[in-house]
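Everything on this sheet refers to the single structure shown next.
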2 protein chains.
Amino acid sequence: MVTLAEVAQHAGVSASTVSYVLSGKRSISANTRQRVEQSIQELGYHPNAGARALASSRSNIIALMVPLRTDMYVPVMMEIAIAVATTARIHGYDVLLLTGEEGPDAVRRVTGSGLADAMILMDVELDDERLPLLRETDQPSVLIGLPADTSGLTCVDLDFGATGALCAEHLAMLGHRDIAVIGEAPAVYERHTGFAERTLDGLRSRSRELGLRVLHRPCEGGYDAMAVTLARILDERPATTGFVVQNESAVEPLLALLRQQGRAVPEDVSVIAICPDQVATQASVRLTSVAIPAQEMGRHAVEQLIAKLDGHGEDEVVLIAPELTVRASTGPAPSTS
Amino acid sequence: MVTLAEVAQHAGVSASTVSYVLSGKRSISANTRQRVEQSIQELGYHPNAGARALASSRSNIIALMVPLRTDMYVPVMMEIAIAVATTARIHGYDVLLLTGEEGPDAVRRVTGSGLADAMILMDVELDDERLPLLRETDQPSVLIGLPADTSGLTCVDLDFGATGALCAEHLAMLGHRDIAVIGEAPAVYERHTGFAERTLDGLRSRSRELGLRVLHRPCEGGYDAMAVTLARILDERPATTGFVVQNESAVEPLLALLRQQGRAVPEDVSVIAICPDQVATQASVRLTSVAIPAQEMGRHAVEQLIAKLDGHGEDEVVLIAPELTVRASTGPAPSTS
DNA sequence: ATAGGTTGTCGAAGCGCTTCGACAGCGAAA
DNA sequence: TTTCGCTGTCGAAGCGCTTCGACAACCTAT
C-alpha cells in the first residue's frame, strides 16, 4: 500500500506538503502541486481512511439508518437510500448503512466510536427512542420524517398535511361529496410514524371546509384485504365516488375490484393515489397522484447535513410541498340527478 | 470522548491490558478483566474506529455495491441489502453503501484507502468491468449474481437455470403444451446481467425434453406494455395455456388482462411467477411462484466473506436451489378435446 | 536600505489504538 | 533448592495522516 511518505519522497517534498496539496488548506506553488499530483498518479496513491480519520477526527462518513421492516413503501426507502448515497458522494462523503434493528444502541455506537460524522434517520416515530440521544450529542443529524417534538432537530419530509388537503380539494373541485380514504395497514398507525395521521388530518380539516364527507379505513395491502375494506365502505356509504389511497399495495387491488363491480374509473368513481410516480404511471389506470418525492427527500437531507458539518446550517423543519398530478383516474363526479 | 488510556487509568491498569481485554488476544485474570469491564461501563467507552483501523489495518467494514438504477426488482435489492447489513452486524461488521454509479473507481477507492475490508457486489454483469480489479486485489469479495467467467471469484445466486427448468416441469406435469415466458424489460437483456438468459436457457432445454413449445417475449413493466405483449403472444400461439412471468411489474397487469379477456386463472390458463413471496401472495390471484430468496442470498454472501476474512473459505460458486410453491394460479391444462 | 508582510515549505508532535518483546511472579518438575 | 515454563501485565513503538509553529525567501512600502 502506497503511503503519503512515499509520495512525498517520490515528489521530493515533505509529507506535510503532500497533505496540503491534498487538502488545499495552505497555498502551494503551482510547480510543487503539479509534481505532487503527478507522483500521486504514478504511484496510484489513495489516502488511508483510518489514518485520516484518526488525525483529523473526521471520518467523512454519514450514517444512514433505514427501517428493518419491509411492510411499507420499500421502493421509496430504497430510492431515498440511493439518493442519499449519491448526494453524499458528490460532497465527498460515504454512507454507512445501519438497520433500525439496533435501535438507540446504534446511535450510541456510531457517535461514540467516531465511525461517522453525522447521521440520517429514516422511519422516525412520533416519540422515537433515538431522539434524546440525538439532542444530547453534538453530532449533526437529520430526520426523514416528523416526530411529535421537533425542537432541536432538523427534519425533512413531505408535507403530508398539505397532501391530504390537496386530495380533498381536487375531489371537491370535481364535484365529489362522499369520499373514502384507504389508509395504511393498521400496524403503521400503531407504530405512530405520524405521516398517515398527518395526511388524514389535513384531508379531514380541508374536507370540513369544503363540505365533503369522509370515511377513513386502514387497509392491509393485497387483494383480499382490499375486497373486505371496499365492501365495508360501499356498504356504509353507497354514495362514495372518490377514493384516496395511501397504501401502495392496495392500489392495484382497488382498481381491479372496482372494475369487477362495473364501476368505471374515472366515469363513476375517481381515485387519487399517494405514491411514487412510477407506481402511478404503471398501474392499470394511469393514476392521478400526489408523488412521494423520495429522491428530493434524500438529497435534501444530505445537503442539510453537509451544511451543518460545515458550520452553517440551522435546525429546521423542511416540509416539501406536495404536487398533485392529474392523470386518468379522476374526473367529474357523476351527476346525481 | 473517552479514550482507552482513560479507561486504563480508571481501572488502574495499562492501556495494553485494556486492549487485550477488549480483543481477547491474550489471557487476562478474571479479576483484572472485571475491573476493566466495569470501567468501560462506567465511563461509557467506545473504541475509536479510526484509531483501531489504523493500528490494526482492519476497518471492520464491508462495502456493499448496489445498482443505481431502479428499473428492476427494487424490493429484492432492498431485502438483500438489509440482510447483508443485519448479518454483517452479527459478525461485528458494519456496511458501507456504494452505488454502482462510480463503477470500477469505487472498487479502487475502497480497496486503496482501506475504507473496507471486503466487498459485496450486486447486479453483476456477464463481463463486468469491476471483475479484473477484484481478481488483482487481495481484498476478499463476493458477487451476488453470476458473471460469464467465475474463475478466481466467489459468487452467490439463485440457480436461475434450475428455476426455469422447474417452471417447465410444473407446467408439463399439469398437461400444458404451449407456454409463454414474459421476460424482463429489453434493457435488462441488453445489460447482460445473465440471470434472465439463464432462466430462459434452463426453461427451454427442459421444455425440449418434455415436449413443450416455448414462446419468449421480453416485456417492460406496466399495463400497456403487457397488453401489447399478451396480444402478440395469443396472436402467434392461440393455444398458449401456461405463462411464466419473470418481470415483477408485469404480473398484476397480466392477471388483469386475462381476467378482462374472460380467461380464468387457473381453469383456462396457468401462471407461474418468479418473484419474492410477498408479491406472490399479495397479487389478485395467489400465485404459484418460484421465490427469489433475497434474504438467504444476502446472508450467504456475508458468511462467505467472513469466512474469507478469517482465513478459511474458498473461491466458490454457490447456487441456491429454487423452490416452487404451488398456490392458486396453476392447474391442469384445459382438455383440448 | 530596512522593516514589515506574504507565500511556500518543512519538521515534529500527536490522534487512539494494537501488538511485540520483556519480565515479574508463581507453581511444577528436577 | 534450582530451573523451567506458564500466566498476566506493562512499556514502547508505530500505524499514516493532519496540523501547528517556525522560518527561509521574496515582495512591497517606507
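First the proteins, then the strands, lettered A, B, ... as listed; each starts at 1.
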Original post:
Whole Å only: how far is the CG atom of N31(B) from the P atom of dT7(D)?
Top reply: 18 Å

**OP:** Could you state the atom-to-atom distance from CG of L115(A) to P of dG16(C) in whole Å?
**Re:** 16 Å

Subject >> H46(A) NE2 - dC15(D) C1' separation (whole Å) >> reply: 19 Å

Original post:
Is the base of dT9(D) touched by the side chain of R26(B) through a donor-acceptor pair closer than 3.5 angstrom?
Top reply: yes

Original post:
Is the distance from OP1 or OP2 of dC15(D) to the nearest side-chain N or O of T3(A) less than 4.0 Å?
Top reply: no

**OP:** Figure out the CE/C1' separation between M1(A) and dC17(D), and round it to whole Å.
**Re:** 13 Å

**OP:** Ignoring hydrogens and angles, state whether a donor on the side chain of N31(A) or S29(A) is under 3.5 Å from an acceptor on the partner side chain.
**Re:** no

Original post:
Given that S56(B) and A30(B) both sit by DNA chain D, which one's nearest nucleotide is further toward the 5' end?
Top reply: A30(B)

Subject >> Salt-bridge contact K308(B)-D117(B) (side-chain N to carboxylate O under 4.0 Å) >> reply: no

Original post:
Checking all strands, does S19(B) fall into the base, sugar-phosphate, or nothing category for heavy-atom contacts under 4.0 angstrom?
Top reply: base

**OP:** Report the nucleotide, chosen from dC17(D), dT9(D), dG14(D), that has the shortest atom-to-atom distance to any side-chain atom of A55(B).
**Re:** dG14(D)

Original post:
For dG8(D), does either OP1 or OP2 sit under 4.0 Å from a side-chain N or O belonging to S27(B)?
Top reply: yes

**OP:** Mind checking L4(B) for me? I need base, sugar-phosphate or nothing, with any heavy atom below 4.0 Å counting as a touch.
**Re:** base

Subject >> Interatomic distance, N48(B) CG vs dG16(D) P [rounded to whole Å] >> reply: 17 Å

Original post:
Rounded to the Å, how far apart are R58(A) CZ and dG16(D) P?
Top reply: 24 Å

Original post:
Under 4.0 Å: is that the gap between some side-chain N or O of Y20(A) and OP1 or OP2 of dG11(C)?
Top reply: no

Subject >> Of L134(B), D128(B), D157(B), the residue whose pairing with L143(B) passes side chain to side chain contact (heavy atoms under 4.5 Å, CB included) >> reply: L134(B)

Subject >> Atom pair distance, as rounded to whole Å: CD1 in I40(B) and C1' in dC17(C) >> reply: 13 Å

**OP:** Figure out the CZ/C1' separation between R52(B) and dC15(C), and round it to whole Å.
**Re:** 16 Å

Original post:
Can you find a pair of side-chain heavy atoms, one from V66(B) and one from M77(B), that are under 4.5 Å apart?
Top reply: no

Original post:
Does the pair Q38(A) and Q34(A) meet the rule for a side-chain hydrogen bond (donor to acceptor under 3.5 Å, both in side chains), with working shown?
Top reply: CA-CA 6 Å; Q38(A) 176 154 357; Q34(A) 197 187 329; 5.1 Å; no

Original post:
Does a nitrogen or oxygen in the side chain of K25(A) sit under 4.0 Å from OP1 or OP2 of dT19(D)?
Top reply: yes

**OP:** Mind checking S16(B) for me? I need base, sugar-phosphate or nothing, with any heavy atom below 4.0 Å counting as a touch.
**Re:** base

**OP:** For T17(B) and for L54(B), locate the closest nucleotide of DNA chain C by heavy-atom distance; then report the residue assigned to the nucleotide nearer the 5' terminus.
**Re:** L54(B)

